[in-house]
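What follows is a short report on a single structure.
Residue numbers start from 1 in every chain, and the chains themselves are labelled A, B, ... in the order their sequence lines are given, proteins ahead of strands. Since we're looking at a predicted model, the values are computed, not measured. We use all heavy atoms of the structure for the numbers below, so side chains are in, but hydrogens, waters and symmetry mates are not.
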Number of protein chains: 2
Amino acid sequence: MENKRQKKQSDRATISDVARLAGVSKTTISRYLSGKYHMLSDSTLNRIEKVIAELNYRPNKMARGLKRDRSYLIGMVIADITNPFSTAILRGAEDVCKQRGYSLMVCNTDNDPAKEREYIFMLQSHRIDGLIINTTGRNNKFLQELATEKTAVVLVDRKVPELGFDTVTLDNEQAMAAGVNHLLARGYKHIALFSESIAGVSSREERVRTFQNMLSDREVSAEVHEIDLRELREFSLLLDEFFQKAPKGKRAVFAANGVILLKTIHLIQEKGIEIGKDVAVLGFDDMEWAPLIGPGITTLAQPTYEMGVTAMKRVLERIDGDRSPAQNIAFSGQLLVRGSAPEVRD
Amino acid sequence: MENKRQKKQSDRATISDVARLAGVSKTTISRYLSGKYHMLSDSTLNRIEKVIAELNYRPNKMARGLKRDRSYLIGMVIADITNPFSTAILRGAEDVCKQRGYSLMVCNTDNDPAKEREYIFMLQSHRIDGLIINTTGRNNKFLQELATEKTAVVLVDRKVPELGFDTVTLDNEQAMAAGVNHLLARGYKHIALFSESIAGVSSREERVRTFQNMLSDREVSAEVHEIDLRELREFSLLLDEFFQKAPKGKRAVFAANGVILLKTIHLIQEKGIEIGKDVAVLGFDDMEWAPLIGPGITTLAQPTYEMGVTAMKRVLERIDGDRSPAQNIAFSGQLLVRGSAPEVRD
DNA sequence: TTGTAAGCGTTATCAC
DNA sequence: GTGATAACGCTTACAA
């Protein structure tokens with residue numbers, strides 16, 4: 001009953017349909033699709049365009065990808081997609097990606113190495129041309145493998161030096177130093193730093209190390225606490241302890257990232273302690289809510305959008321054949337002074 | 001110099017490599033890859049597994065997709081990826097997607113119909129099997145086309161009835177009613193609703209309409225203002241006006257979504273007006289910061305994660321062949337009472 | 001339980 | 001300027 005095109009799997013127009021209707025060969029259409037317009041006569045070009053519009057033809061990237069051994073797909077593996085820090089990076093990466101004709105495959109690992117592994121596997125199957133990853137650091141074998149093959153890999157936020165990949169990060173030493181110096185200059189004598197699980201996450205390690213180095217030989221009491229956010233009760237107790245021993249006037253709480261900062265503020269407010277008066281608060285990541293809470297929260301802003309843009313550009317350069325040694329690109333953090341850590345008198 | 005495998009484009013193992021090393025045909029490997037283990041003898045199965053592990057073989061989804069006319073790709077087109085509302089949905093969708101062996105292509109349109117169109121085009125080229133879209137509502141022709149072909153489409157948050165797609169949304173009438181009733185019960189007499197550009201965005205239209213219907217024949221003064229967030233100055237003036245004419249005790253500001261809510265709070269605080277005392281504040285979308293600002297902001301929470309999960313499940317059902325009439329799935333909003341809209345006396 | 005061979009929609013290599 | 005034709009890495013009748 002059907003005509004002879006019944007063999008086709010879907011109703012989508014293919015390059016052959018276009019060729020037939022335009023009265024030329026597939027090769028010619030392919031040339032058009034690859035932008036080799038100088039090889040086409042004006043009349044064929046016009047005809048092709050008309051047919052394509054008529055048929056609503058969309059070149060099949062799977063077929064093209066199979067043939068050219070390129071997928072035009074970039075993988076983006078993110079530890080926590082609901083963290084605004086991550087989405088800001090994503091947004092930067094996405095803008096560049098689109099502009100260059102690539103598409104983004106987004107994966108959310110929840111900081112789980114097993115999930116990360118499954119995603120890398122999946123991305124390999126899709127033959128992604130590049131990968132931007134905010135890695136748990138515990139799938140290095142897999143990552144190495146990816147890079148050995150065809151894929152350009154760029155690490156964001158977290159480095160893994162052994163891997164020899166390009167990295168785009170914050171200059172955590174500079175940023176932490178800016179934060180610590182601010183607190184010192186304002187007269188704080190008791191500073192507690194809170195961070196999520198530190199080991200293996202380079203950004204956290206750098207922040208903590210800098211904090212400790214700067215404060216070790218001073219007349220300032222410094223402490224570092226590792227927090228498990230699933231155990232808020234423990235976190236709360238730790239804060240109580242700190243508030244008990246550190247005198248009201250000169251104590252400051254330092255949050256190593258935006259997620260911890262939010263939880264810290266939550267707990268402090270719950271205890272009826274007033275931010276900026278009873279305790280100073282300072283944290284990494286400048287979230288949209290920072291100016292609105294209490295007297296405004298002083299933060300260390302990261303240029304997240306630019307980090308995303310830069311990471312994607314680096315990936316695309318690698319895809320385009322750049323074989324130069326790995327680059328480590330670090331951005332400066334910016335201290336945004338608000339009311340949560342006011343000057344204190346002796 | 002090279003051996004005869006030099007013709008291969010990349011070094012990646014293919015199904016033929018596996019077949020050769022396992023001493024069987026490609027067909028047999030393909031059967032293994034498709035999980036048809038009952039058609040394989042134990043010894044071949046074992047050999048295949050060993051070779052695959054050895055070669056680090058990853059089946060090429062482009063090749064498989066080309067042949068089977070399925071990409072195992074789901075497109076997700078989002079108006080604003082930095083809006084936590086969107087990422088929460090994304091997270092739900094992503095979880096289901098992964099679990100079912102599909103991958104997500106994420107696109108951010110900035111509410112720009114032109115960008116949306118380009119993305120849909122791109123997604124068509126990748127032959128996505130399904131699409132979840134938070135649409136601008138101004139590319140209906142393109143969307144229709146997608147659906148005519150092979151792609152399952154589900155609309156989230158914003159409906160376009162003419163299109164006949166499945167939708168997953170908030171029950172905006174119920175949610176808005178809960179909000180308005182709360183304010184009425186607490187004694188507020190002057191209520192101003194602020195929303196971004198309303199026309200064409202069903203969620204906003206429904207909220208505004210319900211607000212107006214409920215308040216039209218009451219002894220309450222109600223007003224609706226359409227806000228352009230790029231013109232914060234105007235927004236500020238509008239608020240001034242409202243504060244001037246509405247008496248201090250009984251006025252409330254209602255924000256039609258989380259983005260507007262944040263900006264509203266920003267402006268109110270800038271004016272030195274105290275939330276919960278000088279003015280009540282209530283808004284759609286429960287963001288993580290809502291309990292931390294002022295006396296805690298009363299909000300209408302949307303079950304965003306579940307919406308994402310539901311939308312993705314619907315898409316996958318359609319992909320799996322469900323041809324039933326379009327479903328409109330609406331979730332209830334939940335009023336979270338905090339301190340920003342306290343009871344007022346006469 | 002296994003294998004042969006054709007074909008998915010492109011691009012690349014030659015040829016004219 | 002244009003066209004035949006052979007791949008790319010898979011799946012799928014159909015055979016055995």
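- When the side-chain nitrogen and oxygen atoms of B:Tyr57 are compared with OP1 and OP2 of D:dC10, one or more of them lie within a distance under 4.0 Å.
- When each of B:Leu45 and B:Arg127 is assigned the nucleotide of DNA chain C bearing its nearest heavy atom, the one mapping closer to the 5' terminus is B:Leu45.
- One can place CG of B:Asp11 at 11 Å from P of D:dG9, the figure rounded to the nearest angstrom.
- Computed from coordinates, the B:Arg64 CZ to D:dG9 C1' distance equals 11 Å when rounded to whole Å.
- The nucleotide whose nearest atom lies closest to any side-chain atom of B:Ala63 is, among C:dT2, C:dT10, D:dG9, D:dG9.
- Contact between the side-chain N/O atoms of B:Thr14 and the OP1/OP2 oxygens of D:dG9 is not found at any separation under 4.0 Å.
- Using a cut-off of 4.0 Å between Lys/Arg side-chain N and Asp/Glu carboxylate O, A:Arg314 and A:Asp322 are scored as salt-bridged.
- For B:Ser41, counting side-chain heavy atoms from C-beta on, the closest listed nucleotide (C:dT2, D:dC10, C:dG9) is C:dT2.
- Between A:Arg58 and A:Asn56, the side chains place a donor N or O and an acceptor N or O closer than 3.5 Å (distance only, hydrogens not considered).
- For the residue pair A:Tyr102 / A:Arg70, a side-chain donor-acceptor distance below 3.5 Å is found, with atom types taken as modelled.
- We find the CG-CD distance between A:Leu21 and A:Glu54 to be 7.0 Å, quoted to the nearest 0.5 Å.
- Under 4.0 angstrom from either OP1 or OP2 of D:dC10 there lies no side-chain N or O belonging to B:Tyr72.
- Ranking D:dG3, C:dG3, D:dC10 by closeness to the B:Val24 side chain, first place goes to C:dG3.
- Residue B:Asn46 contributes atom CG, which lies 14 Å from atom P of C:dT1 at whole-angstrom precision.
- Nearest heavy atom pair, residue A:Thr87 against residue B:Thr82, reads O-CG2, 4.3 Å.
- Remark: A:Thr44 is in phosphate contact with D:dT2, judged by side-chain N or O atoms under 4.0 Å from OP1 or OP2.
- In this structure, CG of B:Leu66 is placed 9 Å from C1' of D:dC8, rounded to the nearest angstrom.
- A salt bridge does not link B:Arg138 to B:Glu116: none of the charged side-chain nitrogens sits closer than 4.0 Å to a carboxylate oxygen.
- Among the candidates B:Ile78, B:Leu123, B:Leu131, B:Ile120, the single residue satisfying the side-chain contact (heavy atoms from CB on, under 4.5 Å) test with B:Cys107 is B:Leu123.
- One atom, CG of B:Asn60, and another, P of D:dA7, lie 18 Å apart when rounded to the nearest Å.
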N/O contacts under 3.5 Å, protein versus nucleotides 12-16 of chain C?
{"residue": "C:dA12", "atom": "N6", "partner": "A:Thr27", "partner atom": "OG1", "Å": "3.3"}

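- For the pair B:Asp69 CG and C:dT10 C1', the interatomic distance rounds to 14 Å; values are reported in whole Å.
- Rounded to whole Å, the distance from CD1 on A:Ile15 to C1' on C:dT11 is 8 Å.
- The side chain of A:Met39 lies closest to D:dT2 when the candidates are C:dT4, D:dT2, D:dT11.
- For B:Ile29 and C:dT1, the CD1 to P distance is 16 Å, given to the nearest whole Å.
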